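Scroll down for the structure; my scribbles are underneath it.
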Amino acid sequence: MGKGSVTSPALASSAPRAKPPSWRLTAPNDSKVQGLVVSGFANVPSAQALFLCCDWPDDPNRVGGGAWLNELQLVAPITGAEKKDAGKKSDPAASLAFTFTGLQKMGLSADALATFSQPFREGMYQEDRLRRLGDRVSEKWQDTVISGGPRWSGNVPQRNVADVPKQLWERTLLDVGSPSEKPEQEWTTDITVHALLVLYEASEQAALDWARKVEERLLPCGVKVVHRLPLELLPDNGFGREHFGFADGISQPIPFEEEEDPQAPLLVMSDGSRVKKDKWHSVPLGEILIGHTNAHHEKAPGPFVAAEDKASASGLEPSGAPDGLLNFGLNGSYLVVRELRQYVGAFWNSLEENAARIRAHDPGATHVTAEWLAERVIGRTIDGHLLCPAGPMKPDQYGLPENSFGFKKADPDSLGCPAGSHVRRANPRDGLAKDMASATTLLNAANNHRILRRGRKYGKPPAQRTVDDGAERGLLFMCLNTDIARQFEFVQQTWVLNRNFATLFDETDPLIGPKGGFTIQEKPLRRIVDVKTFIQLAGGDYFFLPSMPALRYLAKL
Ligand code: HEM
């Protein structure tokens, strides 16, 4: 299923010459940032995602709640971005992020907790957030969520702002609401997750062995593995493939510095060249890393901690923090995690049925096959090339899928890549502009909502794509951003699930939205396909991915 080379021979003008250079951080900042930010560890094909729970009673005055991180460091040191070879060879790598309740449980002070962004403090499951993510509406889980609701989350308690110190939310201008607000959430997930540790290894067995060692080490500290997912990349000529068979991880934002110091740039390309502003994919570094200038020309706001000895000894810096505080968020990020179960049989069977129905009504439509429809659902070919009116877009100079394009020029009427396809909704680029004159403005506006995807698939691919073997498989969707509401939630609510996206009416993303219609623009007439629900949320929450100094501080709690 979809095992062909990402660069299909028919499209490649010649064999790939070299790999395109990628961006990285320069010293000394690279040693302050987790490696996951700069790399998806693409050359380390296997991984284990361990969802951890700190299994001790709640106690806001607890001391030693972060001590388990010292034990973890002995068996699974978290990989820093300075490890230039992390992910290049098959060296093991590790990343670690925390839910709001995880930080609370470990004993981070209430003052510090109150300075995190509102979506992170609330978690994914407050009523308003559930509505905008399309997971739960009018107190009912939608059919894009597994039966009975998600299995795991951070279980952030009901919204309760009464204990936020008044002077703190005045000082940091937090929108924490009024202390009289009544609790909203009246349910919890069965599994409470406090931290997500991902261990990347060269083989499935090596990842399993490593996970076992970590589990044994953490158990005496009261930290339990409450859920786990074996992650695979199945690399194929430079890309992983998701379970429906498509090349994934092609289009990503590329950070640049708003105010670069030419003597000491923070960013550099892997071939040593300067990072140039890229019209299509450049975003300010502060869209990915807290504490740096973001798309609103402000320092991406982050949490603060009191400037005590242990904070300065950990390497935390003031960097814009109010007097008496240090910037705990600096060089960290927010990690959105959604375990999305994929129904491969439903996907291919539904598209086979639609193709057969279309051909029965229109015998001339011999080109309409399940593959043809599936490629339109995504908006790219199985091997990742953009669909254009005259056929797939030609590969780039490296023989890889071309990603420097705008829809306004490449496909203004959506006759190649349908207006409502997954890629066109997830990143419309300049495609929502009414004419060429406004294309750049709309492109720049769309680039204010980019996310850096770091997900991997879990479970084995099915033996046959049309046979439902009952096995669980899907994508552990993970993305980094500094403003969850403006980046990830915006993409999900305003583009992916928007029933009136572009010129469309009453339909959503055909890949990740609920079942319904999907319009494929074609000449002389458009075609309407009935898609099923192919993906369901099985668990998820918002995590904080700390910088390396912030991790050292947490270990001292
Ligand atoms: C199981 C669920 C999903 C699958 C199978 C999936 C699959 C894909 C594929 C095949 C591509 C095209 C290749 C690429 O550029 O990487 C893509 C692109 C993308 N997806 Fe998804 N995706 C899923 C969920 C999501 C979710 C939940 C979001 C965010 C709400 C999302 C956002 C994006 C973005 C931003 C792009 C890049 C678009 C571009 O810049 O051209 N995806 N996805």
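Residues: numbered from 1 along the sequence shown. Keep in mind that this is a model prediction, so the values were computed, not measured. Order of listing sets the numbers, starting from 1, for every ligand and every atom in it.
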Quiz prompt | Close N or O approach (Arg429, ligand 1; < 3.5 Å) | solution = yes
Quiz prompt | Closest protein heavy atom to atom 7 (C) of ligand 1, given as residue, atom name and distance to 0.1 Å | solution = Leu511 CD2, 3.8 Å
Exercise. Please determine which of Thr79, Leu231, Leu233, Val44 meets the side chain to side chain contact (heavy atoms under 4.5 Å, CB included) test together with Tyr200.
Key: Val44
Exercise. Would you mind running through ligand 1 and noting each atom that sits below 4.0 Å from a heavy atom of Gln492?
Key: 30 (C)
Exercise. Report yes or no: does a heavy atom of Ala247 sit under 4.0 Å from some atom of ligand 1?
Key: yes
Quiz prompt | Protein contact of atom 12 (C) of ligand 1 - nearest heavy atom, named by residue and atom, plus distance | solution = Val423 CG1, 3.7 Å
Quiz item: If you measure from each non-hydrogen atom of Arg338 to ligand 1, which part falls under 4.0 Å: side chain, backbone, both or neither?
Solution: neither
Quiz item: Below 6.0 angstrom between ring centroids: does that apply to Phe488 and Phe490?
Solution: no
Quiz item: Does Arg424 have a non-hydrogen atom less than 4.0 Å from ligand 1?
Solution: no
Quiz item: Hey, is Arg151 close enough to Asp190 for a salt bridge, meaning N to O under 4.0 Å?
Solution: no
Exercise. Go through ligand 1 atom by atom and flag the ones less than 4.0 Å from a non-hydrogen atom of Asn427.
Key: 38 (C), 39 (C), 40 (O)
Quiz prompt | Ligand-side contact atoms (ligand 1) for residue partner Leu475, heavy atom cut-off under 4.0 Å | solution = 1 (C), 2 (C), 3 (C), 23 (C)
Quiz item: Which heavy atom of the protein is the closest neighbour of atom 32 (C) of ligand 1, given with residue, atom name and distance?
Solution: Ala426 CB, 3.7 Å
Practice problem: Determine whether the aromatic ring centres of Tyr343 and Phe534 lie less than 6.0 Å apart. | Solution: no
Practice problem: Determine the sole option in Arg453, Lys457, Arg241 for which the salt bridge (Lys or Arg N to Asp or Glu O under 4.0 Å) test with Asp248 is passed. | Solution: Arg453
Practice problem: In sequence, state the C-alpha distance, the side-chain angles, and the governing distance for Arg429 and Ser251, and then conclude on side chain to side chain donor-acceptor pair (under 3.5 Å). | Solution: CA-CA 11 Å; Arg429 305 182 185 216; Ser251 183; 3.2 Å; yes
Quiz prompt | Closest to atom 20 (N) of ligand 1 among His281, His422, Arg473 (heavy-atom distance) | solution = His422
Practice problem: Might you confirm whether atom CZ of Arg526 has over 12 heavy atoms from other residues, nucleotides or ligands at distances under 6.0 Å? | Solution: no
Quiz item: If you round to the nearest 0.5 Å, how far is CD of Glu287 from OG1 of Thr482?
Solution: 5.0 Å
Quiz prompt | Atom indices of ligand 1, in the order listed, that fall short of 4.0 Å to a heavy atom of Ile512 | solution = 2 (C), 3 (C), 23 (C), 24 (C), 25 (C), 26 (C), 27 (C)
Quiz item: After noting the C-alpha distance and the side-chain angles of Ser153 and Asn155, does the key distance pass the side chain to side chain donor-acceptor pair (under 3.5 Å) rule?
Solution: CA-CA 5 Å; Ser153 74; Asn155 273 326; 3.3 Å; yes
Exercise. Could you list which atoms of ligand 1 come closer than 4.0 Å to a heavy atom of Ile535?
Key: 1 (C), 2 (C)
Quiz item: Taking the side chain from Glu242 and the backbone from Gly245, do they hold a donor-acceptor pair closer than 3.5 Å?
Solution: yes
Quiz item: Quick one: does Leu340 get an N or O within less than 3.5 Å of an N or O on ligand 1?
Solution: no
Self-check item: Pi-cation contact, Phe51 with Arg228 (under 6.0 Å, within 45°)
Solution: no
Exercise. Give yes or no for whether the N/O distance cutoff of 3.5 Å, strictly under, is met between Gln342 and ligand 1.
Key: no
Practice problem: Name the closest protein heavy atom to atom 29 (C) of ligand 1, giving the residue it belongs to and the distance to 0.1 Å. | Solution: Phe477 CZ, 3.6 Å
Exercise. Report yes if Glu242 has an N/O atom closer than 3.5 Å to an N/O atom of ligand 1; otherwise report no.
Key: no
Quiz item: For atom 40 (O) of ligand 1, which protein heavy atom lies nearest, and how many Å away is it?
Solution: Ser251 OG, 2.6 Å
Quiz item: For ligand 1, which atoms have a heavy atom of Phe246 less than 4.0 angstrom away?
Solution: 10 (C)
Exercise. Please verify whether a non-hydrogen atom of Gly249 lies at under 4.0 Å from ligand 1.
Key: yes
Quiz prompt | Evaluation steps, side chain to side chain donor-acceptor pair (under 3.5 Å), between His227 and Glu339 | solution = CA-CA 11 Å; His227 179 45; Glu339 182 182 332; 2.8 Å; yes
Exercise. Starting at CZ of Arg338, measure out to CG of Leu476 and round the result to the nearest 0.5 Å.
Key: 11.5 Å
Quiz item: Should Asn403 be counted as touching ligand 1, given the test is an N or O pair under 3.5 Å?
Solution: no
Quiz item: Under 30°, 30 to 60°, or over 60°: which ring-plane class applies to Phe116 and Phe544, parallel, tilted or perpendicular?
Solution: perpendicular
Practice problem: Can you pull out the closest protein heavy atom to atom 9 (C) of ligand 1? Residue, atom name and distance to 0.1 Å, please. | Solution: Asp248 OD1, 3.6 Å
Quiz item: Which residue from Gln487, Arg341, Arg453 reaches closest to atom 19 (C) of ligand 1 through any of its heavy atoms?
Solution: Arg453
Quiz prompt | Which residue and heavy atom of the protein sit nearest atom 14 (C) of ligand 1, plus the separation | solution = Ile250 N, 3.3 Å
Quiz item: Does ligand 1 have any atom sitting under 4.0 Å from a heavy atom of Phe488?
Solution: yes
Practice problem: Compute both the distance and the angle, then confirm whether Arg136 meets the cation-pi test with Trp141: under 6.0 Å from the six-membered ring centre, within 45 degrees of the axis. | Solution: yes
